Structures are given as structure tokens and as C-alpha cells.
Amino acid sequence: MGESTLVSLACSQCCQRLEADALWNTCPACGGVLLAQYDLDRARRSFRPEALRDRPWNLWRYAELLPVRDPLYRLTLGEGGTPLLAAPRLARQLGLPKLWLKDEGRNPTGSFKSRGLAVAVSWARELGARAVALPSAGNAAAALSAYAARADIPAYVFLPADTPPTIVRECLAYGAHVFRVRGLITDCGRIVRRLAPLLGWADLSTLREPYRAEGKKTMGIELAEQLGWRLPDVIVYPTGGGTGIVGMWKAFDELAHLDLLGTERPRFVLVQPEGCAPLVRAFHSGAERAEPWDDATTLAPGLRVPATIGDALVLDAVRRSGGTAVAVSDREILDGMQLLARSEGLLVSPEAGATVAAVRRLREAGWLAGDEEVVLFLTGNGLKHPELLPDDTPVPILDPDDPLLPRRLAADGHQH
Ligand SMILES: *Cc1c(COP(=O)(O)O)cnc(C)c1O
């Protein structure tokens with residue numbers, strides 16, 4: 001196993017350097033997002049394709065480019081190592097023969113939030129945190145609750161009052177302290193920022209804490225490794241706070257420093273729902289930062305993020321990649337979920353359904369050419385959303401002793 005080569009933190013706004021081995025939130029000088037810096041010359045010695053081959057398929061296989069120094073602190077529930085699936089039927093329907101699906105719904109707790117929180121909780125533990133807290137639209141809370149249980153420390157999670165009940169109960173099942181808040185994730189965040197310093201909790205709000213992005217960046221490393229150390233033409237990413245885009249963009253630069261990638265980069269497609277699209281609006285208006293979105297509503301809870309501290313970083317990455325931003329309706333999101341389930345056998349969360357909707361639009365508009373290699377990040381598992389699964393198709397009840405059963409079913413078109 002590799003060793004962490006973490007050396008410091010750098011503010012993405014004022015460039016101030018901070019000591020790595022301490023619990024920081026945002027930059028103490030300017031409030032900017034802090035990003036982890038590694039000794040890449042040192043990492044290069046052991047982070048080689050041949051060496052990686054023998055490591056287990058969880059995200060700690062990339063230990064050189066992650067925090068956590070003592071391997072005893074590396075919590076794992078088997079996060080990462082998710083399949084990159086070909087999707088021939090969907091590809092044909094969308095007119096994109098080189099389509100790949102990165103199925104992040106296989107992660108522990110059913111979403112890719114487990115990547116960020118495996119890393120952030122492990123590192124907080126190594127630095128001596130005694131309790132952890134965060135605001136969440138749902139999936140981050142579930143992941144925090146699971147990894148805190150694994151680490152044997154209390155978790156405090158703050159969710160909008162209308163979070164899907166399955167996710168609230170999931171957090172309770174892991175033994176977390178769960179609170180529902182009148183308002184949105186941004187209001188939950190205000191509560192955490194007020195209470196954490198007073199009550200001795202480590203605040204793991206995304207991008208206000210530098211390490212969840214490090215965990216999420218492993219999606220980018222893993223994708224490059226699965227494609228044989230190269231990248232696709234386009235990455236389609238359902239975006240809430242944008243931690244994944246910030247993380248993957250950073251990962252590609254780090255891999256280039258290690259000579260595992262060249263200068264080529266995929267174009268990022270940032271997807272948000274029409275009912276909450278602050279980054280899409282900012283992208284198309286040419287703004288460097290995003291104005292908060294009023295009255296955010298969408299059935300994709302992970303995308304109901306009206307404001308993010310990472311806005312400037314996300315917009316910059318999407319623009320520099322040559323990418324674009326698309327808003328899709330809740331109706332299109334449901335259609336996308338249904339298409340993935342019926343044409344490929346993948347039950348995904350609404351956030352993941354949004355990627356299909358975006359690709360369909362971009363293909364029709366000609367922004368995506370038919371010969372381009374496109375990867376959809378399917379960030380969550382549909383089983384987390386029983387409220388969105390079909391309930392309008394009548395399911396027949398059969399009498400096991402009915403002598404006419406074969407004839408009835410044949411008459412209904414079930415003979416093949
Ligand atoms: C949190 C979440 C997102 C958005 O992720 P960001 O990296 O914060 O933009 C997308 N999909 C699901 C399922 C999520 O839980």
C-alpha cells in the first residue's frame with residue numbers, strides 16, 4: 001500500500017498555505033475553499049500502474065494522493081472500485097455508440113457520497129476529532145452516519161424537513177443524531193457552523209472542509225485507470241455543490257504531473273434541475289460566481305443546492321474544460337430513470353436520471369457528436385427512492401388453484 005504524500009493546504013482564492021495536519025474549514029484569511037497539496041515527485045515513485053495492479057479495489061489504492069498517514073485510520077466499507085459499464089441499448093437510443101455508465105450507486109450507502117466521507121471521517125479521526133457533523137440533502141448524511149459508526153464516533157446530521165423518509169431512517173439505523181430543519185441545505189449549514197465550534201464537532205460541510213473533495217476525486221482517478229490511463233471526450237455530472245467536478249478536475253492535473261495523463265481533458269457537462277439551477281444560470285450568463293437560487297424545488301434531493309461555496313471553482317473547471325451546463329425538468333429526470341432501468345437494468349436515483357436527460361438534449365442540439373466517448377456518472381441508487389418507483393401499474397393477484405391460469409396469461413400476451 002502507498003503512503004500519503006500530503007504536504008499542505010492551499011487557499012484556492014488567496015493562495016495562502018496552511019499546515020496540513022490540523023482540522024481546518026475555510027481559509028482563515030479570506031474564507032476561500034482550501035485544497036490539499038501533495039508531494040507529487042515523491043508520489044510518482046510508488047504511484048505506478050504496475051504497483052496499483054496488486055492493490056485492493058477500494059479508494060485507498062490511491063493512498064499517495066489522499067490524506068491519512070497511518071493505514072490503521074483508513075476506514076473502508078468497500079467504497080470505490082465501481083464498474084464502468086457499456087450500455088449498448090441506451091447508446092443506440094441516444095445515438096452515442098461510445099457511451100459508458102459509471103455506476104456509483106454500488107457504493108456503500110447507495111451513493112458516491114461514501115467516497116468523500118470515507119476520506120473525511122478517516123482523516124478527522126487521525127487528527128483526533130471526537131464527533132462529526134454536516135448539513136445534507138440526504139445522501140451525505142447517510143454516508144457520514146455509516147462511516148462514523150465504523151469509526152465509533154458520534155455523527156450529527158442536519159437535513160431539510162422534507163428529506164425522503166427512507167434516508168432519514170437510514171441515518172437513524174446507523175445510530176446518528178438526526179435533526180430536521182425548516183429550510184434547505186443552506187439553512188442546515190448555518191446551524192452546523194453555529195453549533196460545531198461550541199459543541200466540539202468537526203464540521204464536515206462539503207468544500208468548507210478540504211477532504212471530501214479528495215475522496216470524490218478518486219472517481220476521476222478510477223475512471224482514468226479503468227480506461228487504461230486515458231480520459232473520455234465528455235463527462236456528464238449531476239451537480240449540486242459541485243464537489244465532484246472540483247475533485248476530478250484536480251485529480252486530472254495530479255495524474256498529469258505523475259505522467260499518467262497528457263494535457264487532454266474531458267469536457268464537463270454540468271447538469272442541474274430546472275427547479276434549482278444556480279450554476280447553469282451563472283454559466284450561461286458568463287458570471288464568475290453564482291447567485292443563490294430562490295425557492296429551490298426538485299425531486300432530486302442531491303441537486304437541491306441553492307448556493308455553493310465552490311461556485312467559482314466549479315464554473316472555472318467547466319469553462320476551462322470546454323464544457324457546458326444544462327438544466328433539465330423533473331419530468332425528463334423521471335424519463336431518464338425509466339430509460340436506464342428498462343433499457344439497461346440499472347435502477348438509479350433521480351440525480352443519475354438527470355444525466356440521461358442532459359445527454360439526449362445535447363445530442364439533439366448537436367453539441368455532442370455521434371463518435372464521441374461519453375461517460376455518465378450515475379451517482380446514486382434508485383432503491384433509496386421508493387417514493388419514485390412505479391406505483392401506477394396494477395399488479396394482478398393470482399389464485400394458485402385457478403385451472404384457467406395458462407389460458408388467461410396467454411390471452412394477456414404472455415406466451416413467448
Ligand atoms: C450529492 C449528490 C450529487 C451532487 O454532488 P456534488 O458533487 O455535490 O455536486 C449528485 N448525485 C447524488 C446522488 C448526490 O447525493
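Remember, predicted model here, so these are calculated numbers, not experimental data.
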Of all heavy-atom pairs linking A36 and L6, the shortest is CB-CD1, 3.7 Å

Just how far is it from atom CG of L99 to atom CD of E372, taken to the nearest 0.5 Å?
12.0 Å

Under 3.5 Å, is there a donor-acceptor pair between the side chain of K98 and the main chain of D371?
yes

For the pair R361 (side chain) and V326 (backbone), establish whether a donor and an acceptor sit closer than 3.5 Å, ignoring hydrogens and angles.
no

Verify, without hydrogens or angle tests, whether Y38 (side chain) and L65 (backbone) share a donor-acceptor contact under 3.5 angstrom.
yes

Other residues, nucleotides, ligands: >12 heavy atoms within 6.0 Å of E291 CD
no

I'd like to know whether NE2 of H257 has more than 12 heavy-atom contacts from other residues, nucleotides or ligands below 6.0 angstrom.
no

Evaluate the criterion salt bridge (charged side-chain N to carboxylate O under 4.0 Å, His left out) for residue pair E214 and K250; output intermediate values, then yes/no.
CA-CA 9 Å; E214 294 302 295; K250 181 170 183 285; 2.8 Å; yes

Please work out whether the ring planes of F47 and W229 are parallel, tilted or perpendicular, with thresholds of 30° and 60°.
perpendicular

Nearest heavy atoms of R289 and A282, plus distance in Å
O-CB, 3.7 Å

Under 3.5 Å, is there a donor-acceptor pair between the side chain of S136 and the main chain of L159?
no

Identify the residue among L299, L303, V280 that makes a side-chain contact (heavy atoms from CB on, under 4.5 Å) with P273.
L303

What distance separates D103 CG from N381 CG, expressed to the nearest 0.5 Å?
7.5 Å

Pair K102-T82, side-chain donor/acceptor within less than 3.5 Å:
yes

Keeping R331 on the side-chain end and V328 on the backbone end, is there a donor-acceptor pair under 3.5 Å?
no

Looking at D21 and R69, is any side-chain nitrogen of the basic one under 4.0 Å from a carboxylate oxygen of the acidic one?
yes

All heavy atoms of G2 vs all of A63, minimum pair found to be O-CB, 3.5 Å

Go through the side-chain N and O atoms of R17 and S8 and say whether any donor and acceptor fall under 3.5 Å apart.
yes

Does the salt bridge (charged side-chain N to carboxylate O under 4.0 Å, His left out) test come out yes or no for E351 and K113, once each step is laid out?
CA-CA 13 Å; E351 298 84 358; K113 290 292 193 300; over 6 Å; no

Which distance, rounded to the nearest 0.5 Å, do you find between the OG1 of T379 and the CZ of R115?
11.5 Å

Flag, side chain of R212 to backbone of L204, donor-acceptor distance under 3.5 Å:
yes

Would the number of heavy atoms belonging to other residues, nucleotides or ligands and lying under 6.0 Å from CZ of R48 be above 12?
yes

Check: Y237 main-chain N/O paired with T355 side-chain donor or acceptor under 3.5 Å
no

Determine whether a donor-acceptor pair (N or O, by modelled atom type, separation under 3.5 Å) exists between the side chain of D203 and the backbone of R193.
no

Exactly one of R230, R61, R53 clears salt bridge (Lys or Arg N to Asp or Glu O under 4.0 Å) with E225, and that residue is R61

May I ask you to check whether over 12 heavy atoms, not counting those of R42, lie within 6.0 Å of atom CZ?
yes

Would one find more than 12 heavy atoms of other residues, nucleotides or ligands at under 6.0 Å from atom CD of E288?
no

Heavy-atom donor-acceptor pair, R267 side chain to G323 backbone, under 3.5 Å:
no

Separation of L376 CG from E104 CD (nearest 0.5 Å)
12.5 Å

If the plane angle is over 60° it's perpendicular, under 30° parallel, otherwise tilted; pick one for F179 and F158.
parallel

Look up atom CG in D316 and atom CG in D311, then write down how far apart they are to the nearest 0.5 Å.
11.0 Å

Minimum heavy-atom separation for S122 to W60, with atom names?
OG-CZ2, 3.5 Å

R44 and D41: salt bridge (charged side-chain N to carboxylate O under 4.0 Å, His left out), yes or no, with the steps?
CA-CA 5 Å; R44 186 200 307 264; D41 291 328; 3.3 Å; yes

Heavy atoms from other residues, nucleotides or ligands near CZ of R360 exceed 12 (cutoff 6.0 Å):
no

Looking only at heavy atoms, the pair that brings L231 and A224 closest together is CD2-CB, 3.9 Å

Looking at OG of S114 and CG of L144, how far apart are the two atoms once the value is rounded to the nearest 0.5 Å?
12.0 Å

Take atom CZ in R55; do more than 12 heavy atoms of anything else shown fall under 6.0 Å from it?
yes

Donor-acceptor pair, distance only, cut-off 3.5 Å: does the side chain of E373 make one with the backbone of D233?
no

Carboxylate-amine/guanidinium proximity below 4.0 Å for E254 and K217:
yes

Determine whether L101 and V348 make a side-chain contact, defined as any pair of heavy atoms from C-beta on separated by less than 4.5 Å.
no

